[in-house]
There are 2 protein chains.
Amino acid sequence: MDKTSAKTHAKRALLELREKIINGEFAGGQRLYEVALAEALDVSRTPVREAMSRLAEEGLLERASGGGFVVRSFTVADVIDAIELRGVLEGTVVRVAAERGVDDKALAPVRQTLIDLDKCFGETVEDVDFPLYSELNARFHDQLSGLAGSAILARELERAKSLPFASPSAFVPSGNEPRAFNVSLAIAQSQHRALVDAIAAREGARAESIAREHARIARGNLNYLLGQDAAGLERMPGHGLLVD
Amino acid sequence: MDKTSAKTHAKRALLELREKIINGEFAGGQRLYEVALAEALDVSRTPVREAMSRLAEEGLLERASGGGFVVRSFTVADVIDAIELRGVLEGTVVRVAAERGVDDKALAPVRQTLIDLDKCFGETVEDVDFPLYSELNARFHDQLSGLAGSAILARELERAKSLPFASPSAFVPSGNEPRAFNVSLAIAQSQHRALVDAIAAREGARAESIAREHARIARGNLNYLLGQDAAGLERMPGHGLLVD
DNA sequence: GGTCTTATCCATGTATACATCCCTCTGTTC
DNA sequence: GAACAGAGGGATGTATACATGGATAAGACC
């Protein structure tokens, strides 16, 4: 959706503000002033307040004690915990899905995504269709959310994934990465298959532990980026939210 | 805090609306209209919008697709899942706390709460100080949240506990309950002790599984209430949010 | 009689004027 | 020189008038 064509001013303000925050145009911890933003976005304070309120729901802003909003800031430790949380919640969803049972009909689209994901891998380790993998990976994880048939669990998992660096596709390499980075994609895909098998076999504990380990790939990739120069970490989605 | 003395109209509206929702004055799924609420609360639409936005953050309201808010509604299955979620998140916090280590100084106030909780139990099974137990139990669980030293995990756990029926003290009996109900309090307290021991011994897996099992007591008590007549379920906090 | 169109109403969206509160800076007094 | 008081400015809080858009009902035409 083109952000300039959003139906209401509040929606447009929401899209623009979210983009600015994620792109790091505001420093983590920085306070946002209604009047200044209203002028910058060329709307009145009312839709700005509405947008900021929604961003607080998303977890990108925090309400300040004396009123107003500040950009939420994250340390590297927070990023690690957010990834851990996502893994725990995905693990819970797939465990519960396995325990309660998922019929083949509901599992079919997930299996189709697995087949599509396989097609991202070519003859050699270097030959990977990164953009397609990233898209299909996101689809796979989205499909997982609903498998437990629990709106409560799905909702909180979606919430956990909404932080840009906690998204399942946050650390998918963009190409020309070290060999080990590419190999991790093949490992991830084998975990995808094992996960679906465990759900189908109603092996809840296995499904849960695979999901948690799967999220650890993201943490590993984060650690790799941390070992690079400063420019490396800047490739992390939402790196502008980092402080320290 | 007296709700009539809140600093701003928005805060007062928030307190009053939250109370009305939890007490079931609005049916689950019912749409809330700004103008009607503004008149009922004797403020303008602006603070009402502000309050509703915060209630949406809390999870008591949902934003409707075409704008506006509806009271979030829960089925019994949702209540079960919310309790499960709380157990999973508490489990994660205590596991991570155990893995990362908690020094004695940080654990001391938790141990003090354990000692205080013991004092709630008298000579006989029937002799339990319910109000005090409920208060101290809430304190114990609040203290757990911070043990992992993770703001991210603590925040999401607090969020999960904010649904009235998912709170750790939601199903603490109020007195004159069947013997089995009272016994469950003693079991819960023994789990409290085992939990703290596991954290101190850095036994993450044990701590996690105890926390999950501990949450199951709430589910058991819910099932007990479901087996009673209709009046039984009405003693569940937030029963007004239930549909079906 | 059915369907399409139009008018009206009601709810939220938006802008804006004004209120209020807090913080800061300055000036005066002891 | 220090401390308190008052003034001023800037931020959010609030009320309200008006805009907009969707749903619904009524009426007219086929």
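Convention: sequence-line order gives letters A, B, ...; per-chain numbering from 1. It should be emphasised that the depicted structure is a prediction, and the values quoted were computed from it without experimental measurement.
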task = Return the set of residues passing side-chain contact (heavy atoms from CB on, under 4.5 Å) with A/Val70 (not counting sequence neighbours), or none when no residue passes.
result = A/Arg31, A/Glu62, A/Ala64
ask   = Can you list every pair that meets side-chain hydrogen bond (donor to acceptor under 3.5 Å, both in side chains) and has a residue in residues 162-171 of chain B, with sequence neighbours left out?
value = B/Asn137-B/Ser169
query = A/Ala211: what forms a side-chain contact (heavy atoms from CB on, under 4.5 Å) with it, not counting sequence neighbours?
reply = A/Glu90, A/Val94, A/Leu195
key: Contacts of type salt bridge (charged side-chain N to carboxylate O under 4.0 Å, His left out), residue B/Arg216, not counting sequence neighbours   = B/Glu84
ask   = Which residue pairs satisfy the ring-ring contact (aromatic ring centres under 6.0 Å, His included) criterion with at least one member in residues 60-89 of chain B, sequence neighbours excluded?
value = B/Phe74-B/Phe165
All N/O contacts under 3.5 Å from nucleotides 8-11 of chain D to the protein, with atom names and distances to one decimal?
none

key: Sub-4.0 Å heavy-atom contacts from residues 38-70 of chain B onto DNA chain D, ordered by number   = B/Val43, B/Ser44, B/Arg45, B/Thr46, B/Pro47
request  = Can you run down the ring-ring contact (aromatic ring centres under 6.0 Å, His included) pairs that involve residues 18-58 of chain A, sequence neighbours left out, and say none if there aren't any?
outcome  = none
task = At the 4.0 Å heavy-atom cut-off to chain A, mark where contacts on DNA chain C begin and end, going 5' to 3'.
result = C/dG13 to C/dA17
request  = Take the protein atom NZ of A/Lys7 and the nucleotide atom C1' of D/dT20, then report the distance between them rounded to whole Å.
outcome  = 14 Å
query = Are A/Glu208 and A/Arg212 ion-paired here, with the side-chain N under 4.0 Å from a carboxylate O?
reply = yes
request  = Can you tell me which residue pairs pass the ring-ring contact (aromatic ring centres under 6.0 Å, His included) test with a partner in residues 222-244 of chain A, sequence neighbours excluded?
outcome  = A/Phe181-A/Tyr224
key: B/Glu99: side-chain contact (heavy atoms from CB on, under 4.5 Å) partners, not counting sequence neighbours   = B/Arg95, B/Val96
note = Applying salt bridge (charged side-chain N to carboxylate O under 4.0 Å, His left out) to A/Glu234 and not counting sequence neighbours gives none
